[in-house]
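Inspection log for the structure reproduced underneath, given as C-alpha cells.
Hydrogens, waters and symmetry mates are skipped; everything else that's a heavy atom, side chains included, is used. Numbered from 1 within each chain, the chains take letters A, B, ... in sequence-line order.
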Amino acid sequence: MPRLSRKFFARDAVVVARELLGQRLVRVCNAQPLAGLITETEAYVGEDDLACHARAGRTARTEVMYGPPGHAYIYLNYGLHWLLNIVAERAGYPAAVLIRGLAPVRGIEVMRRHRRGRPDRSLADGPGKLTQALSVNVALNGADLCARAAELYIERAASPPPTRIIAAPRVGIDGVPEPWRSVRWNFKLLTG
DNA sequence: GCGACGATGGGCT
DNA sequence: GCCCATCGTCGCA
C-alpha cells in the first residue's frame with residue numbers, strides 16, 4: 001500500500017484537509033501497526049487565520065508548522081489532550097491539518113486497551129481520543145510522515161465521492177472573529 | 001439525548 | 001493571569 005508523499009502535503013491546506021478524508025492513518029506502536037480511516041479533518045492556514053496557533057507568529061511551539069510539509073505538529077490541548085496535525089503547504093508558511101476523527105481498521109484490541117472502558121464507538125471519534133487510541137504524544141512532534149522508517153504515516157486509500165463529504169465551520173473556536181470563525185474548513189466523511 | 005461543568009498545564013500578553 | 005483546536009460525567013428529560 002503506497003504512502004502519501006511530501007508532494008501531497010505541499011499544497012493548499014484546505015485541499016489537503018479535504019483529500020485526507022478516507023485515507024489510512026498508520027501508527028506503528030511496539031512493532032504493531034494501528035490504523036484507522038480518517039473521518040474528520042480541519043485546516044489551519046497562516047498567520048492571518050486567527051484560529052491558527054501561528055496567529056502569534058513564529059514561536060517555539062509553532063516552529064514545526066513553519067517547517068517542511070508532511071511532518072507531525074503535536075501539542076497539548078487544555079492541559080489534558082494531545083492533538084495531532086499534519087503540516088501542509090511550503091516551508092516558511094505556517095499551515096496544518098488537524099486530524100479530528102478516525103474509524104479504527106487495524107489493531108483495535110490495542111486501541112481498546114489504550115482507551116480502557118470505552119465502547120468501540122468512541123475509540124477514536126475525537127481529536128483527543130484518537131491520540132490516546134494510537135498512543136500519540138509530544139514524542140512524535142516534528143516526526144516526518146514521509147520518512148522511510150516513519151512510525152507515523154498515511155497510506156493511500158480510495159478517495160470518497162464528493163457526495164459523502166460535508167464541509168462545516170471549525171469546532172471549538174467560538175471566541176475567534178469572523179470570517180475565521182465561520183469559514184468552512186472542517187471536513188467530515190459520511191459513513192454508511 | 002442534551003446542557004453544564006470540572007479537570008489540568010503550557011503558551012502567550 | 002487568562003486563554004484555550006477536549007473529554008467524561010452528572011443531572012435531568
Considering only B/dG10, C/dG8, C/dA5, which nucleotide approaches the side chain of A/Asn77 most closely?
-> C/dA5
Of the listed nucleotides C/dC7, C/dA5, B/dT8, the one nearest the side chain of A/Leu80 | B/dT8
Kindly point out which of C/dT6, C/dG8, B/dC12 is positioned nearest to the side chain of A/Gln132?
-> C/dG8
If you measure only the distance, is there a donor-acceptor pair under 3.5 Å linking the side chains of A/Tyr66 and A/Glu47?
-> yes
Basic-acidic side-chain contact under 4.0 Å: A/Asp125, A/Lys129 = yes
Out of C/dC7, B/dG9, C/dA5, which nucleotide sits closest to the side chain of A/Leu98?
-> C/dA5
Out of B/dG10, B/dT13, C/dA5, which has the shortest distance to the side chain of A/Ala56?
-> B/dT13
Does C/dT6 pair with anything, Watson-Crick or G-U wobble, both distances under 3.5 Å, and if so, with which nucleotide?
-> B/dA7
How close or far is atom P of C/dC3 from atom CG of A/Leu50, stated in whole angstroms?
-> 16 Å
Kindly assign one of parallel, tilted or perpendicular to the pair A/Tyr75 and A/His53, based on the angle between their ring planes and the thresholds 30° and 60°.
-> perpendicular
Ignoring backbone atoms, test whether A/His53 places a side-chain nitrogen or oxygen under 4.0 Å from the OP1 or OP2 oxygen of B/dG11.
-> no
Can you check the A/Leu83 CG to C/dC3 P distance for me, whole Å?
-> 20 Å
Which nucleotide, C/dA5, B/dC12, C/dT6, lies nearest any side-chain atom of A/Thr62?
-> B/dC12
Rounded to whole Å, CD of A/Glu40 lies from P of C/dC7 at a distance of 10 Å
Between A/Thr59 and B/dC12, is there a side-chain N or O to OP1/OP2 distance below 4.0 Å?
-> yes
Can we say A/Arg55 and A/Asp48 salt-bridge, meaning some charged N sits less than 4.0 Å from an Asp/Glu carboxylate O?
-> no
Neighbour count above 12 (heavy atom, 6.0 Å) for A/Arg58 CZ | yes
Is the phosphate of C/dT6, meaning OP1 or OP2, less than 4.0 Å from a side-chain N or O of A/Arg100?
-> yes
Could you tell me whether the side-chain ring of A/Tyr78 sits stacked on the base of B/dA7, using a centroid cut-off under 5.5 Å and a plane angle under 30°?
-> no
Of the candidates C/dC7, C/dA5, C/dT9, the side chain of A/His81 sits closest to C/dC7
Within this structure, what is the CZ-to-P distance between A/Arg61 and C/dC3, rounded to whole angstrom?
-> 15 Å
What is the distance from CD1 of A/Ile173 to P of C/dC3, rounded to the nearest Å?
-> 17 Å
